[in-house]
Amino acid sequence: MQPFTKKAIEVMKNIPEGKVMSYGQVARSVGSPRAARQVARILHSMSGAHGIPWHRIVNAKGEIVIKDGEGSYTQKLMLEEEGVCFEEDGTISFSRYQYFPVCNEEIARL
DNA sequence: CCCCTGACCTTTC
DNA sequence: CGAAAGGCCAGGG
């Protein structure tokens with residue numbers, strides 16, 4: 001397992017309840033802004049393992065990542081159970097629920 | 001060991 | 001503002 005993978009797992013495990021993170025953000029947190037895909041890969045492969053709350057991981061738009069099926073349905077329920085509300089479009093309000101482990105970067109980038 | 005695929009993100013037209 | 005193309009890293013065949 002690569003170092004960044006391990007870090008990514010740690011970061012995701014550190015996401016508190018009622019909060020969500022985008023793949024790109026996790027990728028940046030581990031030091032690889034372009035490793036978003038690998039984060040997704042990790043979830044796809046290690047979902048359930050390492051106690052990773054995969055349901056707290058969404059795309060940059062703040063919507064369910066999985067196409068359709070039990071996964072998307074489960075994720076939505078899990079988030080709702082944690083107190084996360086969805087918009088009309090089925091997206092999530094980042095301003096309210098996105099978790100910022102390193103908000104400085106985001107602010108600095110903007 | 002080489003090629004393909006993937007629960008993605010970002011920038012430009 | 002919406003759609004399209006490029007890039008990136010790692011796992012599996």
Side-chain angles (χ1 to χ4, degrees):
Chain A
M1 185 181 292
Q2 301 310 115
F4 92 90
T5 306
K6 206 160 126 189
K7 287 185 181 178
I9 295 171
E10 289 297 306
V11 175
M12 291 190 283
K13 282 168 61 179
N14 273 290
I15 302 175
E17 294 182 4
K19 296 288 181 182
V20 294
M21 271 185 86
S22 60
Y23 293 87
Q25 202 155 22
V26 176
R28 279 208 258 170
S29 300
V30 302
S32 298
R34 318 306 157 99
R37 304 190 94 175
Q38 282 53 262
V39 177
R41 252 214 57 72
I42 294 167
L43 292 171
H44 163 71
S45 188
M46 313 225 174
S47 62
H50 303 276
I52 302 175
W54 62 275
H55 53 275
R56 291 179 198 160
I57 310 301
V58 292
N59 63 9
K61 302 184 200 106
E63 49 184 31
I64 301 300
V65 185
I66 315 172
K67 301 176 183 178
D68 182 57
E70 296 181 54
S72 56
Y73 184 67
T74 305
Q75 180 170 19
K76 189 178 177 182
L77 291 191
M78 296 280 264
L79 292 173
E80 290 183 326
E81 285 298 303
E82 294 185 355
V84 178
C85 70
F86 286 77
E87 297 299 314
E88 302 300 318
D89 316 83
T91 58
I92 301 171
S93 303
F94 280 104
S95 313
R96 291 164 61 85
Y97 303 108
Q98 179 151 37
Y99 178 52
F100 286 88
V102 283
C103 46
N104 299 345
E105 291 185 29
E106 291 297 315
I107 298 171
R109 195 173 68 81
L110 299 176

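All chains are named by letter (A, B, ...) in the order of the sequence lines, taking the proteins before the strands, and each is independently numbered beginning at 1.
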Exercise. More than 12 foreign heavy atoms under 6.0 Å from CD of A/Glu10: is that the case here?
Worked result: yes
Exercise. Are A/Phe94 and A/Leu79 connected in a single hydrophobic cluster, I mean Ile/Leu/Val/Met/Phe/Trp/Tyr linked by side-chain heavy atoms less than 4.5 Å apart?
Worked result: yes
Exercise. Are A/Val26 and A/Ile66 grouped together when hydrophobic residues (ILVMFWY) are joined by side-chain heavy atoms under 4.5 angstrom apart?
Worked result: yes
Exercise. What integer distance in Å separates A/Lys61:NZ from C/dA3:C1'?
Worked result: 11 Å
Seminar exercise, completed: note: A/Leu43, atom CG; B/dT5, atom C1'; distance rounded to Å ~ 17 Å
Exercise. Which heavy-atom pair separates A/Ser72 from A/Ile64 by the least distance, and what is that distance?
Worked result: CB-CG2, 3.6 Å
Problem set entry | Integer-rounded Å distance: B/dC4 P and A/His44 NE2 | 19 Å
For this session: Give one of base, sugar-phosphate or nothing for A/Ser72, where a contact means two heavy atoms less than 4.0 Å apart.
Result: nothing
Exercise. What's the OH-C1' distance between A/Tyr23 and B/dC8, to the nearest Å?
Worked result: 8 Å
Identify the pairs formed between an N or O of the protein and an N or O of nucleotides 10-13 of chain C at a distance under 3.5 Å, and give each distance.
residue: C/dG11; atom: O4'; partner: A/Arg41; partner atom: NE; Å: 3.0
residue: C/dG11; atom: O4'; partner: A/Arg41; partner atom: NH2; Å: 3.3
residue: C/dG11; atom: O3'; partner: A/Arg41; partner atom: NH2; Å: 3.2

Any N/O pairs under 3.5 Å between the protein and nucleotides 4-7 of chain C? List them or say none.
none

Exercise. A/Asn59 CG to B/dT10 C1': how many Å, rounded?
Worked result: 13 Å
For this session: Nearest whole angstrom, please: distance from the C1' of B/dA7 to the CD of A/Gln25.
Result: 17 Å
Exercise. Counting only N and O atoms by type, is there a donor-acceptor contact under 3.5 Å from the side chain of A/Gln75 to the main-chain atoms of A/Ile57?
Worked result: yes
For this session: Examine A/Met46 and A/Met21 and state if one hydrophobic cluster contains both, with Ile, Leu, Val, Met, Phe, Trp and Tyr joined whenever side-chain heavy atoms are less than 4.5 Å apart.
Result: yes
For this session: Locate the shortest heavy-atom distance separating A/Tyr23 from A/Ala40; write the atom from each residue and the value.
Result: CE2-CA, 3.4 Å
Exercise. How close or far is atom P of B/dC8 from atom NZ of A/Lys67, stated in whole angstroms?
Worked result: 9 Å
Seminar exercise, completed: Atom CD1 of A/Ile42 and atom C1' of B/dG6 are separated, to the nearest Å, by 13 Å
Exercise. So, A/Thr91 side chain and A/Glu87 main chain: donor-acceptor pair closer than 3.5 Å or not?
Worked result: no
Exercise. So with a 6.0 Å cut-off around NZ of A/Lys19, is the heavy-atom count from everything else above 12?
Worked result: yes
